[in-house]
Amino acid sequence: MKKVMFLFASLLLTMNACSSKPQVATFNELPAPAQQFITTYFAQSDIAWIQWERDGVSKEYEVRLNNGTWIEFYSDGALEKIDCKTNAVPAGIVPETVVNYVNTNFPQVVIVKYQIDRRDQEVELSTGLELVFDLNGNFLHIDD
């Protein structure tokens with residue numbers, strides 16, 4: 001029984017050591033693609049804070065701008081997610097095929113959130129509707 005308890009305690013300590021808490025970072029600590037992204041699309045916005053957190057063996061970066069925009073980057077600096085709250089995601093971030101689909105099928109709304117991963121990409125519209133596309137920009141479905 002003591003061995004089981006010791007093993008369990010060791011496992012908990014190991015898990016705790018492997019997970020990290022968010023750490024404060026500076027703009028210069030961001031990977032170059034993330035720095036370029038912010039400079040290109042948000043040159044006029046002040047950065048409220050930057051932090052990183054270890055996700056397994058890699059880091060994920062989070063940037064919060066003073067205008068409320070929240071941006072997440074993968075460890076290599078590639079965009080993972082951008083949430084502009086009620087403002088439109090700046091032109092050039094969301095692929096043109098996705099923007100064209102939204103403009104054709106949902107006129108008079110704007111994309112306020114964009115997320116991309118290995119499988120698909122999603123947009124959230126100003127109406128709260130979430131649309132899912134494949135990586136080529138083909139519409140798949142409305143997310144529930």
Any sub-3.5 Å donor-acceptor pair from Q23's side-chain atoms to K21's backbone N or O?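 Between the backbone of K21 and the side chain of Q23 there is a qualifying donor-acceptor contact (under 3.5 Å).
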Report yes or no: does Q35 contribute a side-chain atom to a donor-acceptor pair with the main-chain N or O of F27 at less than 3.5 Å? yes
Which residue, E122, E80, Q121, K81, forms the side chain to side chain contact (heavy atoms under 4.5 Å, CB included) with Y114?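 It is Q121, the one option of E122, E80, Q121, K81 that forms the side chain to side chain contact (heavy atoms under 4.5 Å, CB included) with Y114.
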If you take all heavy atoms of [X] and [Y], which pair is closest and at what distance?
X    : Y    : result
Y61  : Y74  : CD1-O, 3.9 Å
D117 : L135 : O-CD2, 3.4 Å
N105 : P107 : C-CD, 3.5 Å
D134 : N136 : OD1-N, 2.8 Å
L79  : I71  : CD1-CG2, 3.7 Å
T97  : G137 : OG1-CA, 3.4 Å

Fellow cluster residues of V57, listed by chain then number, with links counted only when side-chain atoms sit under 4.5 Å apart: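 Once heavy-atom contacts under 4.5 Å are chained together, V57 still belongs with nothing else.
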Can you measure from [atom1] ([X]) to [atom2] ([Y]) and round to the nearest 0.5 angstrom?
X    : Y    : atom1 : atom2 : result
W49  : L65  : CH2   : CG    : 10.0 Å
S58  : E53  : OG    : CD    : 11.0 Å
K113 : I111 : NZ    : CD1   : 13.5 Å

Please check if any side-chain donor atom of [X] sits under 3.5 Å from a side-chain acceptor atom of [Y], or the reverse.
X   : Y   : answer
N67 : T69 : yes
Q36 : T39 : no
Q51 : E62 : yes

Out of curiosity, does [Y] fall in the hydrophobic cluster containing [X] (side-chain heavy atoms, cut-off under 4.5 Å, transitive links)?
X    : Y    : answer
L129 : V123 : yes
I82  : V132 : no
V24  : L30  : no
V112 : I116 : no
I38  : W70  : no

Should F106 and L131 be marked as a side chain to side chain contact (heavy atoms under 4.5 Å, CB included) after you check the CA-CA gap, both sets of side-chain angles, and the distance that decides it? CA-CA 11 Å; F106 301 93; L131 310 176; 3.6 Å; yes
Using the ring of each side chain (for Trp, its six-membered ring), is F133 parallel, tilted or perpendicular to Y101, with breaks at 30° and 60°?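 F133 vs Y101 ring planes: perpendicular.
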Name the orientation class of the two ring planes belonging to F37 and F42 (parallel below 30°, tilted from 30 to 60°, perpendicular beyond 60°).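 Because their plane-to-plane angle lies in the 30° to 60° range, the rings of F37 and F42 count as tilted.
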Criterion side chain to side chain contact (heavy atoms under 4.5 Å, CB included) on L125 and V110, from CA distance to verdict: CA-CA 6 Å; L125 307 179; V110 295; over 6 Å; no
